[in-house]
Structures are given as structure tokens and as C-alpha cells.
Number of protein chains: 2
Amino acid sequence: MTGMDTVEWLSRHEQSVWRSLLRAQSRIESELDRDLHKGSGLSLVEYGILVSLSEAEGERMRMRHLADSVIVSKSRLTHQITRLERMGHVRREPCTDDRRGYWAVLTAEGRAALDAAAPGHVAKVRERVFDRLTPEQVTVLGEIMAALEEP
Amino acid sequence: MTGMDTVEWLSRHEQSVWRSLLRAQSRIESELDRDLHKGSGLSLVEYGILVSLSEAEGERMRMRHLADSVIVSKSRLTHQITRLERMGHVRREPCTDDRRGYWAVLTAEGRAALDAAAPGHVAKVRERVFDRLTPEQVTVLGEIMAALEEP
DNA sequence: GGAATGTTGTTGAATCTTCAACCGTTCTCG
DNA sequence: CGAGAACGGTTGAAGATTCAACAACATTCC
């Protein structure tokens with residue numbers, strides 16, 4: 001089916017690392033998401049979108065670029081931005097120089113929601129991740145994740 | 001609101017590590033999920049469930065324990081098992097010694113589906129993760145994830 | 001025994017995500 | 001120029017997830 005005759009299985013050690021990784025990933029994400037949502041009504045993805053917008057020139061981004069930046073499909077971003085628009089955090093503006101495109105623009109309310117959510121969220125990230133690691137581990141983690149994040 | 005006066009923000013370096021981590025996480029998960037699904041019709045969570053069952057005594061687990069083991073809510077597991085049951089990969093059996101409970105039992109078809117899916121999936125994990133890291137990095141990653149996975 | 005309390009697991013509705021099809025615009029290139 | 005390919009974004013329906021409420025059984029403790 002796959003064209004492979006033999007499979008190189010994971011070693012015992014690799015397997016245990018891999019499973020730790022999966023559990024850690026899933027715990028971190030669900031805890032952060034739960035707390036963020038409880039504290040601010042935002043999901044992690046929504047928070048990420050607002051962060052991206054807030055750091056962009058003019059607090060605005062093209063849909064495509066925004067989708068890439070938060071690693072989400074075009075379609076999902078469309079729906080998500082529609083919801084954020086309904087919440088008043090974002091507004092759509094047609095793009096003048098490319099008539100296919102739209103800008104997603106951070107509104108004042110969106111900026112306020114982000115500012116309100118950030119402290120608690122950052123505190124959780126610190127507590128859930130950085131407080132558990134030594135500075136050396138953080139450095140190595142950075143190197144590892146840099147290697148893993150590329151396409 | 002949170003009772004905190006000042007926030008300890010992330011340092012520049014911590015922030016960059018954190019964002020790498022988020023991107024790596026989301027890339028790895030979505031790629032593995034996509035490939036697994038394409039190759040076997042299973043989602044990552046379904047695959048995880050089948051793996052857990054396959055390693056359990058009698059290839060069966062109580063719902064509660066299974067939910068904890070794959071880190072998913074009871075409710076989500078119920079729906080998920082219903083789907084897996086519909087696919088023929090799992091069957092439910094009432095628990096004899098605790099009449100509230102059910103066993104989720106791996107069927108022969110489920111075992112076969114898992115065996116068929118595993119080689120390709122493992123190959124992807126290797127390619128997407130372990131091949132990019134030195135043995136030392138893998139070891140440190142294991143230590144880090146061990147620290148991060150606990151509750 | 002039996003009332004409170006805690007567990008297990010399910011349900012259904014609301015919400016969110018995915019997937020494939022689609023429309024209009026821009027780009028490419030003979 | 002103009003036909004076709006590629007891009008940017010949306011749509012709607014199907015499928016998955018969450019959330020709060022619930023039913024059934026088990027445990028505790030008087």
C-alpha cells in the first residue's frame with residue numbers, strides 16, 4: 001500500500017519521548033485554552049489572531065497572510081473572522097489594491113479584549129511551561145522547536 | 001479581575017521559544033493528522049484510542065480510564081467510541097462487576113486497521129520529528145516533556 | 001436500612017471545524 | 001490581446017466537539 005517493505009519502528013526511548021510529547025502537548029493546550037476562555041471568552045486561536053493583528057502594520061492583515069500566520073485553513077479563518085466580527089473584535093475592509101482581497105482589522109474593542117486577556121494568559125504560560133524548566137532547558141527547547149517548526 | 005497587580009511578561013527569548021513551540025505543535029499535529037487520515041481513514045485521536053486499547057489487558061478498557069489515557073473528555077469519548085463502533089473497530093460491552101460501566105473492546109477489524117495504519121504513521125513521525133533531531137536533543141526533549149506533561 | 005454524595009457514562013443542542021465546490025480577480029505567456 | 005491557470009476568499013452542508021443536564025449505579029456514614 002505504501003510501497004515500503006520494512007518499517008523502522010521507534011526505539012523504546014523514542015517511543016517514550018514521543019508519548020510524553022503528545023501528552024504534554026495536549027495537556028498544555030487544553031489547560032491554556034480552558035483558562036483563557038474562562039478568563040476572557042477567547043479561544044486560543046482567537047487570541048492568536050488578535051495577537052497577530054495587534055503586531056501588524058496598521059493592526060491589519062490580509063486574510064491569506066493571517067491564515068498562514070496562525071496556521072489555519074483559509075476556510076476556517078473566514079468563519080473565525082466572521083465570529084470575531086460579530087463579537088466586535090475585528091472588522092473587514094476590502095483591499096483597495098487587490099480587489100480580491102480583504103483586510104482583517106483589529107478594532108478598539110478587540111485591542112481592549114486582547115489587553116485584558118494577555119496578563120492572565122501569560123501568567124499561565126509561565127506557570128505551565130517556563131517555571132518548570134531551567135534556563136538551559138529553555139534554550140535547548142528553542143533549538144529543538146526551531147528544527148521542528150519548519151515545513 | 002485576577003488579583004494581580006503586575007505581570008511578569010515573557011522575555012524576548014522566552015517569547016520566541018514559546019512561539020516556535022506553538023507553530024511546531026500545530027504543524028506537527030496537523031500534518032500527522034492529515035497524512036494518517038489520508039492513509040487509513042483514522043484521525044489522530046482515533047488512532048490513539050486504538051493504540052491504547054491494543055495495549056490493554058484483553059484489548060479492552062473502561063471508558064473513564066480510556067478517556068484519561070487519551071486525554072479527552074468523557075463526553076467526547078462517548079461520541080468518538082460511537083463512531084468507532086459504527087466503523088466496526090470497537091465494540092461496547094457492559095461491565096459485569098460495576099453495572100454503571102462499559103468496556104470499549106478492540107475488534108479484529110480494529111486491530112487490523114491499526115496494524116495497517118501504524119507503519120505509515122510511524123514513518124511520518126520519524127520523518128517529521130526524530131530525523132530532525134540529534135540523539136542528545138531527543139534525550140533532552142524527553143526530559144523537558146516529562147516535566148511538562150504532569151498535571 | 002437508607003439518605004446524602006460521588007462515579008460512570010450518555011444525551012441533545014449549540015458551536016466549531018472540515019471539505020469540496022464555487023466566484024471573481026489577477027497573472028502568465030503564446 | 002486573450003485563454004487558461006493560479007490566487008484570494010467565501011459558502012453551505014456534513015461531521016466533530018463542547019457543555020450542561022441527566023439517569024443509573026456505587027459508596028459513605030449515620
Quick one: L84(B) CG to dT17(D) C1', roughly how many Å, whole number? 15 Å
For A104(B) versus I81(B), what's the shortest heavy-atom pair and its separation? CB-CD1, 4.1 Å
Shortest non-hydrogen contact from S20(A) toward E149(B): OG-OE2, 2.7 Å
Flag side-chain contact, heavy atom, 4.5 Å: L42(A) against L114(A): no
Rounded off to whole Å, could you give me the CD-to-C1' distance for the E85(A) and dG9(D) pair? 13 Å
Whole angstrom value for the distance that separates C1' of dT7(C) from CG of D98(B): 8 Å
Is a donor from one side chain sitting under 3.5 angstrom from an acceptor on the other, for Q80(B) and R83(B)? yes
Heavy-atom closest pair, residues R62(A) and W103(A): N-CE3, 3.8 Å
Scan nucleotides 9-17 of chain C nucleotide by nucleotide, 5' to 3', and note B when protein non-hydrogen atoms come under 4.0 Å of the base, S if they reach only the sugar-phosphate, - if neither. BBBB---SB
To the nearest 10°, give me the bend of the helix from dG1(C)-dC30(D) to dG30(C)-dC1(D), comparing the axes of its five terminal pairs at either end. 30°
Mind calculating the distance between CZ (R34(A)) and P (dT17(D)) to the nearest angstrom? 19 Å
Count I, L, V, M, F, W, Y as connected when their side-chain heavy atoms are under 4.5 Å apart, and connections chain through other members. Are M61(A) and I71(A) then in the same cluster? no
Separation of atom CG in D97(A) from atom P in dC7(D), rounded to whole Å: 18 Å
Taking all non-hydrogen atoms of both residues, which atom of E8(A) and which atom of V122(B) are closest, and how far apart? O-CG1, 3.8 Å
Yes or no on salt bridge (charged side-chain N to carboxylate O under 4.0 Å, His left out) for E109(B) and R86(B), after CA distance, side-chain angles and deciding distance? CA-CA 12 Å; E109(B) 292 87 339; R86(B) 216 159 36 221; over 6 Å; no
